[in-house]
Amino acid sequence: MALRIYNTLSGQKEEFQPIEEGEVKMYVCGPTVYDSCHIGHARSVVFFDVVYRYLKGLGLDVTYARNFTDIDDKIINRAGKLGVTAKAVAEKYIDEFHADMDALHVKRPDLAPKATEHIDDIIAIIQRLIDKGKAYPVDGDVYFRVTSFEGYGKLSGRKLEDMEAGARIDVDDRKENPFDFALWKAQKPGEPAWECPWGMGRPGWHIECSAMSSRLLGETIDIHGGGKDLIFPHHENEIAQSESAFDAPFVKYWMHNGFVNINAEKMSKSLGNTTMIQDVLKNYHSEAVRLFLLSHHYRSPIDYNEQAMKEAAGNIDKLYALLRRIAEEFGNLGILRLQAFNNKSGELFKEFCAGVEDDFNTARGTAALFEALRAANRAIDEMTSENAFESKVEIDILLVDIFKMAGILGILHENPYSYFDAKKERAGVDEDRVAALIQGRADARKEKNFQRADEIRDELTAMGVAIEDGASGTTWKMME
RNA sequence: GGCGGCUUGGCCAAGUGGUAAGGCGACGGCCUGCAAAGCCGUUAUUCUCCAGUUCGAAUCUGGAAGCCGCCUCCA
């Protein structure tokens, strides 16, 4: 099987061939750190986290960079409102970003550069572009000369002539062409600024990615990703800058994820439905969030709503319930989990990979995950003293597959007992009272007083507690 | 105005020209004192509509309708 990736540049799926055998250089546009992250950021970051995990799983030597835009109009505005420095705003939200993404079990990228740490690189590229006649300074600003780059529009499929007709853009007489964009912005009073050959100022938005990508990963990289909205103008402009500066292709595979809608509406500040990761995590387990995000194809829009989240949360519950069941039957879940990294995988993991290899179709992959879940439960259901050995072998293979899939999806990090205990704690029920009621019910059942037993169960139900009678006694959990 | 995308069962959602994955829900069964959980089975002759190409189309082509995104900061 070969990995195929939909390349925005070509508009089709292409077989993935790294530029250097066995190595992958990947860059993903990170956040502008002026506010908390929302579920849309989570989608992008979680998706590319899966790309990273999968490529590493293939044994490739992946260098993954994800930047922070830590100097920008929005940050400066925010700082002005709060009466603090832009740096303070950026630092606060970088910390928040890390906290959010750690909570979502996102692996840290190899490199997390900040724009302000690469001002020299930025200035060097701008100088180069000016020297080559691709950019021009005006009153301390520097603009990229869009008409100097023949391929302008190749990523977004736009032509300069077409855009000019209906475009709503600022008319700025100082620009040669309305689509020329700022590489450098002259300092305004009170703004943070750096010294450069054109006077004090700060970088424009697009140039930082060209600078950091080329400095950290090379002039041509394998994968560059981000949200669909970045295709134009951000990534289009990055291509123009980088390819003009280095006379080499900038990126081999462009990948863009789709948006998250909220209850079938576009998420936007004006609608007031911006859904922050922190708030989502108050209501749902982080792995439910990941499973929700990954059970849809990354390029399609997805709808965040209560039903979808409850479904995902329910499925995470089922997976942990299986893990608990296996731990109860066989013990040593930790050892079984370790085996996932050494043992050969079974058919279902191969099926899972077949999905993921097809343009990271994790939605297709989850079908294999649920099949493994069902097969493992069935094997335990059907286990007898005669077939115990065969069953154990079968369950082992299924469990290894499940852990391997979970390792790529980034779920099932917890011990199942602590997972369910944490749920009980979050629900805030009186556990001693539940234990007492269950004991009372057990006594009633012993005396065949089923009416009393059912009364007690009703009482538990009213508390939101669901009970399950098993071979080794009664267990309970919180109902959804 | 320009560019792009989407329309698959009650809901969500895969589907790469060869005869509709998976999840949720619903219904029936096994299990259970009864339940729950788990398992088994049933739940789209059909993929918005119309025409065409083909031995064969949800998948390709043309047309129609509806929905959505981008073109402005945005994941």
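We name chains A, B, ... by the order of the sequence lines, and we start the count at 1 in each one.
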(message) Would you say the base of B:A75 stacks on A:Phe259 (centre-to-centre below 5.5 Å, plane angle below 30°)?
(response) yes
(message) Tell me every residue that passes ring pair (Phe, Tyr, Trp, His ring centres under 6.0 Å) with A:Phe16, counting only those two or more places apart in sequence or in another chain.
(response) A:Tyr253
(request) Could you tell me which residues satisfy ring pair (Phe, Tyr, Trp, His ring centres under 6.0 Å) with A:Phe250, sequence neighbours excluded, listed by chain and number? (result) A:His224, A:Trp254
Nucleotide N/O of nucleotides 38-44 of chain B paired with protein N/O under 3.5 Å:
| unit_1 | atom_1 | unit_2 | atom_2 | d |
| --- | --- | --- | --- | --- |
| B:G38 | O3' | A:Asn377 | ND2 | 3.2 |
| B:G38 | O2' | A:Arg325 | NH1 | 3.3 |
| B:G38 | O2' | A:Asp381 | OD1 | 3.3 |
| B:G38 | O2' | A:Asp381 | OD2 | 2.9 |
| B:C39 | O4' | A:Asp381 | OD2 | 2.7 |
| B:C40 | OP1 | A:Arg378 | NH1 | 2.4 |

(request) With sequence neighbours left out, write down each residue that passes salt bridge (Lys or Arg N to Asp or Glu O under 4.0 Å) with A:Lys266, or none if nothing qualifies. (result) none
(message) Tell me which one of A:Arg174, A:Lys175, A:Lys185 satisfies side-chain hydrogen bond (donor to acceptor under 3.5 Å, both in side chains) with A:Asp141.
(response) A:Arg174
(request) Compute whether any side-chain donor of one residue and acceptor of the other, for A:Asp70 and A:Thr116, lie under 3.5 angstrom apart. (result) yes
(request) Strictly below 4.0 Å, heavy-atom distances to any atom of RNA chain B: list the hits from residues 435-450 of chain A, or just say none. (result) A:Arg441, A:Arg445, A:Phe450
(message) Is it the case that the ring center of A:Tyr34 lies less than 6.0 angstrom away from the ring center of A:Tyr93?
(response) no
Between the protein and nucleotides 6-8 of chain B, are there any N/O to N/O pairs under 3.5 Å, and if so, what are the atom names and distances?
none

(message) Could you report the tightest heavy-atom contact between A:Ile71 and A:Pro203, atom names first, then the distance?
(response) CG2-CG, 4.1 Å
(message) How close do A:Leu217 and A:Ala65 get, counting heavy atoms only, and between which atoms?
(response) CD1-CB, 4.1 Å
(request) List in chain and number order the residues that pass side chain to side chain contact (heavy atoms under 4.5 Å, CB included) with A:Lys188, two or more places apart in sequence or in another chain; answer none if no residue qualifies. (result) A:Glu191
(message) Among residues at least two apart in sequence or on other chains, which ones pass salt bridge (Lys or Arg N to Asp or Glu O under 4.0 Å) with A:Glu431?
(response) none
(message) Let's see if you get this right: which residues in residues 27-44 of chain A place a heavy atom under 4.0 Å from RNA chain B?
(response) A:His38, A:Gly40, A:His41, A:Ser44
(message) Applying ring-ring contact (aromatic ring centres under 6.0 Å, His included) as the test, list every pair that has at least one member in residues 257-289 of chain A; sequence neighbours left out.
(response) A:His285-A:Tyr419
(message) Is it the case that the ring center of A:His256 lies less than 6.0 angstrom away from the ring center of A:Phe47?
(response) no
Just the atom pairs and distances: protein N or O near nucleotides 15-18 of chain B's N or O, under 3.5 Å.
| unit_1 | atom_1 | unit_2 | atom_2 | d |
| --- | --- | --- | --- | --- |
| B:G15 | OP1 | A:Asn361 | ND2 | 2.7 |
| B:U16 | O4 | A:Arg364 | NH1 | 3.2 |
| B:U16 | O4 | A:Arg364 | NH2 | 3.3 |

(request) Would you sketch RNA chain B in dot-bracket for me? Only Watson-Crick or G-U wobble pairs with both distances under 3.5 Å count, crossing pairs as [ ], other-strand pairs as |, the rest as dots. (result) ((((((((.[[[..)..(...]]]((((((.......))))))....[[[[[..)....]]]]])))))))....
